[in-house]
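Let me begin by presenting the structure, written as structure tokens, before commenting on it.
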Amino acid sequence: DTGVSQDPRHKITKRGQNVTFRCDPISEHNRLYWYRQTLGQGPEFLTYFQNEAQLEKSRLLSDRFSAERPKGSFSTLEIQRTEQGDSAMYLCASSQTSSVVSEQYFGPGTRLTVT
Amino acid sequence: LAKTTQPISMDSYEGQEVNITCSHNNIATNDYITWYQQFPSQGPRFIIQGYKTKVTNEVASLFIPADRKSSTLSLPRVSLSDTAVYYCLVGLIGRAGANNLFFGTGTRLTVTP
């Protein structure tokens, strides 16, 4: 397993269009996280899944955003009616549920530019 | 939700030891301290995690005083490739969610020859 992968790496879209990003976690990891990162800021938590269940959503995740993890493996993050303020790096991470260490493994991210 | 405070930036020369301190005055009894490193255009990478006293691994040491209100990440003999942003997180082990996964703005370390 080569780690967490994300697709696409870059996406340019026009305002008002819908976009969908995919994340493939490390295969044995049951937790999957989505973050958003803007220039000069740290990653901001958006949501996370444990297996296929979405357990928490940040206030940052407006109703235009939806995330799924249908079979507890890969996940998709969809943004509907994109706005310029959605331009950011979208990061995915995965981890095992452990009582000892909460170590997340991040993917390379998808950079979204809304024009 | 500002649970941690770090310097915005630090500079160092190659070969020096770098200590980055993080303040977390409101740390809870069951909270752990975790540090991540992020290079430009990459996702963060886990460096080290600890609860109290000292933790050391192959890349860094983490010093946590008895009151646990701060922690110091120590990078021995830095090289140019250690130039990155370093984030300190405080939260419950094994717990996810916004309260436990707050990265803040981090400390931008610049290492020069």
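Naming convention: chains lettered A, B, ... in sequence-line order (proteins, then strands); numbering from 1 in each chain.
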Hey, any chance [X] and [Y] share a hydrophobic cluster, counting ILVMFWY side chains that come within less than 4.5 Å of each other, even indirectly?
X        : Y        : result
Val4(A)  : Phe39(B) : no
Tyr13(B) : Val78(B) : no
Leu39(A) : Tyr90(A) : no

Picking from Lys57(A), Gln6(A), Arg59(A), Gln37(A), which has the most non-hydrogen pairs under 4.5 angstrom with chain B?
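It is Gln37(A).
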OG/Ser41(B) to CZ/Arg9(A) distance, rounded to the nearest 0.5 angstrom?
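These two atoms lie 8.0 Å from each other.
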Would you give the length of the straight line joining atom CD of Gln104(A) to atom CZ of Phe46(B), rounded to the nearest 0.5 angstrom?
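These two atoms lie 10.5 Å from each other.
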Under 4.5 Å between any side-chain heavy atoms of Tyr36(B) and Pro43(A), yes or no?
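Tyr36(B) vs Pro43(A): side chains apart.
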Selection residues 61-78 of chain A - residue pairs positive for side chain to side chain donor-acceptor pair (under 3.5 Å), sequence neighbours left out
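Every pair satisfying side chain to side chain donor-acceptor pair (under 3.5 Å) with a residue in residues 61-78 of chain A: Trp34(A)-Ser75(A), Arg64(A)-Glu83(A), Arg64(A)-Asp86(A).
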Sort Tyr105(A) into side chain, backbone, both or neither according to what part of it lies under 4.5 angstrom from a heavy atom of chain B.
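When you check distances to chain B, no heavy atom of Tyr105(A) falls under 4.5 Å.
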Acceptor/donor pairs from residues 54-64 of chain B side chains to any protein atom, 3.5 angstrom cut, sequence neighbours excluded:
residue  : atom : partner  : partner atom : Å
Thr56(B) : OG1  : Ser61(B) : OG           : 3.1
Asn57(B) : OD1  : Val59(B) : N            : 2.9
Asn57(B) : OD1  : Ala60(B) : N            : 2.9
Asn57(B) : ND2  : Ile47(B) : O            : 2.7

